[in-house]
**Student:** 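Pasting a structure here, questions to come.
Quick caveat, the model's predicted, so the values are computed rather than measured. Numbers restart at 1 for each chain; the letters A, B, ... are given by sequence-line order, proteins then strands.
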There are 2 protein chains.
Amino acid sequence: MPTISKEDYIKAIYQLESYPDKSVSTTDVANKLEVSKAATSEMVQRLSEQGFLNYEKYRGMSLTEDGKRTALHVIRRHRIWELFLVDVLGLTWSEVHAEAEILEHSTSDFLIERLDKYLRHPKFDPHGEPIPDKYGNLPELPDWVSLPKCEVGKSYRLVKVTDSSKELMDYFTEIGLSLNKVVMIVSRLSYDNSTIIQVGNDSFNISEKIASNLFFIEDV
Amino acid sequence: MPTISKEDYIKAIYQLESYPDKSVSTTDVANKLEVSKAATSEMVQRLSEQGFLNYEKYRGMSLTEDGKRTALHVIRRHRIWELFLVDVLGLTWSEVHAEAEILEHSTSDFLIERLDKYLRHPKFDPHGEPIPDKYGNLPELPDWVSLPKCEVGKSYRLVKVTDSSKELMDYFTEIGLSLNKVVMIVSRLSYDNSTIIQVGNDSFNISEKIASNLFFIEDV
DNA sequence: GTTTAAATTTAAGCATTCCTAACTTAAGAA
DNA sequence: TTCTTAAGTTAGGAATGCTTAAATTTAAAC
C-alpha cells in the first residue's frame with residue numbers, strides 16, 4: 001500500500017508517460033511535483049525497489065504493470081471525486097482539482113465504489129477525461145478534434161477540456177461552456193487563426209491558444 | 001496548521017476531557033490512539049509548545065482555547081462527513097466512522113461549507129452527536145434520557161446512539177433503529193433490568209448494557 | 001576526441017512520528 | 001514515612017520525505 005507521497009509520484013510518472021516519444025526523466029517528475037531532483041531521485045529508487053517502476057540509473061524510468069495499476073487506481077479516485085464535486089455539490093471546474101487532489105488519497109475502495117454507484121458508473125469526469133473502472137480499464141475514447149480544427153458552419157459537442165489554469169477554467173465557466181454543450185462554429189479569422197463560436201445566444205472569439213484546450217465531436 | 005497526527009491527538013484529548021472529574025493523562029491518550037506512552041508524551045510536549053495544550057510534566061493536560069477550537073474544527077468535519085455518507089450515499093452506522101476518520105483530515109474549509117450547505121446546515125450527525133458550526137459553536141442539546149430510564153408505556157424518539165462497536169451498530173441497523181425513530185416502551189424486566197421496546201411492528205428485548213447506548217426524548 | 005554543461009545521483013542534515021528500553025517521578029501501601 | 005509500583009519521561013533508533021551542496025555521469029559542443 002503506497003503512501004500519499006508515493007501515489008503522487010506514481011500518478012505524475014503515469015501522466016508524463018502519456019507524452020509520446022519521450023521517456024520520463026528525474027527532472028520531469030521533479031518539475032511536475034515541485035520537489036527537488038534529489039528527492040525525486042531517491043523516491044524513484046525506492047519505487048523501483050518496490051516494483052512500481054523499471055529504472056536504470058541515469059536512464060529514465062517507466063511504470064511496471066503494478067505501477068500502472070496503482071496510477072489508474074489513484075486517477076479513478078481523483079476523477080470520481082471531481083465528477084461528484086461538480087455534479088452533486090455544484091463546484092466549478094476551477095474549484096474541483098485541488099479538492100480532488102487531496103481526496104484521492106483519502107478514500108477507501110469501499111467508498112469509491114459507493115460514489116461510483118451513486119454517480120451511476122460514469123465514464124468521464126467533468127473535464128471529459130476517462131474514468132478507469134475498478135479493474136483499471138479505461139473506457140473507449142471518442143474521436144475528438146480540437147477547436148482550431150473544427151469546421152466553420154458545423155455544430156459540435158464539447159467532450160474534453162484540458163485544465164491548464166484556473167483563469168482559463170473560470171473563463172470557460174463564465175461564457176457558459178460546459179461538457180456536452182453544443183456550440184456552432186461561426187467563423188475562423190485567418191489573421192490569427194482564432195475561432196468565433198456561438199454558445200447559446202452569445203458569440204465569442206476564442207484565440208488559437210485557448211481553442212487548443214477545447215475538444216469536440218461533431219453533433220449530428 | 002496542525003498535521004493529521006496532531007489533529008488526532010487534539011481530537012482525542014477533547015473527547016477525553018468530556019468525562020467529568022478526571023483530568024486527561026498521557027496513558028489515556030496513548031490508549032485511545034493506540035500508540036505508545038512515549039510517543040504521546042513527546043507529542044503532548046510539542047502540542048503544548050505550540051499552544052494547543054496546557055501541560056505540566058507528570059500532571060496531565062488540558063486543551064487551551066486554541067486547542068478546543070482546533071478539536072471542534074476536526075469534529076465538525078468528521079460529523080458532516082458521517083451525515084453525508086449516511087444520508088446521501090446510504091452507508092450504515094457501522095460503515096461511516098472509519099471513512100469519516102480519514103476524510104476529516106482531507107477536507108478544506110471551502111469543501112466542508114459546501115457539504116454543510118448541501119445538507120442544509122444540519123445540527124446533528126447520524127448518531128445524534130451535535131455538529132459544531134463553522135465558528136465552533138455547538139447546538140443546544142436535547143434533554144435526553146437513556147433507555148434504562150425511559151418509562152414503561154410511553155413513546156420516545158431516538159435522538160442519540162453512542163457507537164461503542166460495529167457489532168452493536170449493525171444490530172441497531174438490523175432491528176430498524178435509526179435516529180428519530182419513535183419506539184414504545186413495552187415493559188421492563190426487573191430480573192435483569194432489560195427493556196422490551198416496540199419498533200414498528202416488532203418487539204425486542206434490549207439488555208441494560210445495550211440500552212445504555214440509546215438515548216431518547218419523550219415523544220409528545 | 002576532449003571539454004564543458006546539463007542532468008542525475010550521493011551525501012549530509014533536518015522535521016515528523018513512531019518504536020523499545022531505560023530511567024525518573026508520584027502516589028499509595030505497609 | 002519509607003518502599004514499591006504504576007505512570008510518565010527521556011534516550012536512542014528507525015522510516016519517510018524533504019532540503020542544499022557536492023560529486024558523478026551523460027551528452028552535446030567544439
Side-chain angles (χ1 to χ4, degrees), chain A residues 1-14 16-17 19 21-63 66-67 70-71 74 101-102 104-106, chain B residues 1-14 16-17 19 21-63 66-67 70-71 74 101-102 104-106:
Chain A
M1 185 111 305
T3 61
I4 291 176
S5 198
K6 281 176 189 164
E7 285 187 346
D8 279 334
Y9 278 91
I10 291 169
K11 195 178 77 162
I13 294 164
Y14 182 89
L16 290 166
E17 271 187 347
Y19 297 106
D21 313 323
K22 201 179 163 301
S23 90
V24 179
S25 70
T26 304
T27 305
D28 293 339
V29 177
N31 289 341
K32 179 146 183 126
L33 294 177
E34 297 183 280
V35 293
S36 68
K37 291 170 195 171
T40 303
S41 186
E42 267 182 359
M43 181 60 99
V44 160
Q45 289 174 57
R46 240 175 294 156
L47 290 173
S48 169
E49 276 162 29
Q50 288 164 32
F52 296 107
L53 293 177
N54 298 310
Y55 171 65
E56 251 187 289
K57 274 182 194 168
Y58 299 100
R59 287 294 146 105
M61 67 202 77
S62 65
L63 289 172
D66 218 30
T70 303
V74 181
E101 203 64 24
I102 311 174
E104 70 185 9
H105 303 298
S106 316
Chain B
M1 186 114 302
T3 62
I4 291 176
S5 199
K6 281 176 189 162
E7 285 187 345
D8 279 333
Y9 278 91
I10 291 169
K11 194 178 78 161
I13 295 164
Y14 182 89
L16 290 166
E17 272 188 344
Y19 297 106
D21 311 324
K22 202 179 164 299
S23 90
V24 179
S25 71
T26 303
T27 305
D28 293 339
V29 177
N31 289 340
K32 179 144 184 131
L33 294 177
E34 297 182 281
V35 293
S36 68
K37 290 171 197 173
T40 304
S41 186
E42 267 183 0
M43 181 60 99
V44 160
Q45 290 175 54
R46 240 175 295 153
L47 289 173
S48 168
E49 275 162 29
Q50 287 164 33
F52 295 107
L53 293 177
N54 298 310
Y55 170 65
E56 250 187 288
K57 273 183 193 168
Y58 300 101
R59 288 292 145 106
M61 66 202 75
S62 65
L63 289 172
D66 218 30
T70 304
V74 180
E101 205 62 24
I102 310 173
E104 70 186 9
H105 303 298
S106 316

**Student:** Within the 4.0 Å heavy-atom criterion, would you say B:Arg46 contacts the bases, only the backbone, or no part of the nucleic acid?
**Tutor:** base

**Student:** Expressed in angstrom and rounded to an integer, what is the separation of B:Arg59 atom CZ from D:dG8 atom P?
**Tutor:** 11 Å

**Student:** Counting only side-chain heavy atoms from C-beta out, which of C:dC18, D:dG17, C:dA21 sits nearest to B:Val35?
**Tutor:** C:dC18

**Student:** Which atoms form the tightest heavy-atom contact between A:Ile10 and A:Gly67, and what is the distance?
**Tutor:** CG2-O, 3.4 Å

**Student:** Look at B:Thr27 and D:dA6 and indicate whether a side-chain polar atom (N or O) is within less than 4.0 Å of OP1 or OP2.
**Tutor:** no

**Student:** At 4.0 Å (heavy atoms only), tell me whether A:Thr40 reaches a base, stays on the sugar-phosphate, or touches nothing.
**Tutor:** nothing

**Student:** Rounded to whole angstroms, how far apart are OH on A:Tyr58 and C1' on C:dA6?
**Tutor:** 12 Å

**Student:** Rounded off to whole Å, could you give me the CG-to-C1' distance for the B:Leu47 and C:dT16 pair?
**Tutor:** 12 Å

**Student:** Just how far, in rounded Å, is P of C:dT16 from CG of B:Asp8?
**Tutor:** 16 Å

**Student:** What heavy-atom pair brings B:Ile13 and B:Met61 nearest, and what distance separates the two atoms?
**Tutor:** CD1-SD, 3.7 Å

**Student:** Looking at A:Thr3, does any N or O in its side chain come under 4.0 Å of the phosphate oxygens OP1/OP2 on D:dG17?
**Tutor:** yes

**Student:** Decide, yes or no, whether a salt bridge links B:Arg46 with B:Glu42 under the criterion of side-chain N to carboxylate O below 4.0 Å.
**Tutor:** yes

**Student:** Nearest whole Å is fine: how far is D:dT19 C1' from A:Leu33 CG?
**Tutor:** 16 Å

**Student:** On DNA chain C, check which nucleotide each of B:Glu34 and B:Gln50 is closest to and give me the residue with the more 5' one.
**Tutor:** B:Gln50

**Student:** Does OP1 or OP2 of C:dT10 have a side-chain N or O of A:Lys57 closer than 4.0 Å?
**Tutor:** yes

**Student:** If the cut-off is 4.0 Å, is B:Gln45 near the phosphate of D:dT10, judged by side-chain N/O to OP1 or OP2?
**Tutor:** yes

**Student:** Report which part of the nucleic acid B:Ser36 touches: base, sugar-phosphate, or nothing (heavy-atom distance under 4.0 Å, all strands).
**Tutor:** base

**Student:** Work out which heavy atom in B:Glu17 is nearest to a heavy atom in B:Ser62; give both atom names and the distance.
**Tutor:** OE2-CA, 3.0 Å

**Student:** Could you check B:Val24 against B:Tyr19 for side-chain contact (heavy atoms from CB on, under 4.5 Å), going step by step and ending with a plain yes or no?
**Tutor:** CA-CA 9 Å; B:Val24 179; B:Tyr19 297 106; over 6 Å; no

**Student:** Whole Å only: how far is the NZ atom of A:Lys37 from the P atom of C:dA5?
**Tutor:** 16 Å

**Student:** Write down the distance between CE (B:Met43) and P (D:dT10), rounded to a whole number of angstrom.
**Tutor:** 15 Å

**Student:** So, is A:Tyr9 near the phosphate of D:dC18, with a side-chain N or O under 4.0 Å from OP1 or OP2?
**Tutor:** yes

**Student:** Rounded to the Å, how far apart are B:Glu42 CD and D:dG13 C1'?
**Tutor:** 11 Å

**Student:** Out of C:dC18, D:dT10, D:dT19, which nucleotide sits closest to the side chain of A:Ala39?
**Tutor:** D:dT19

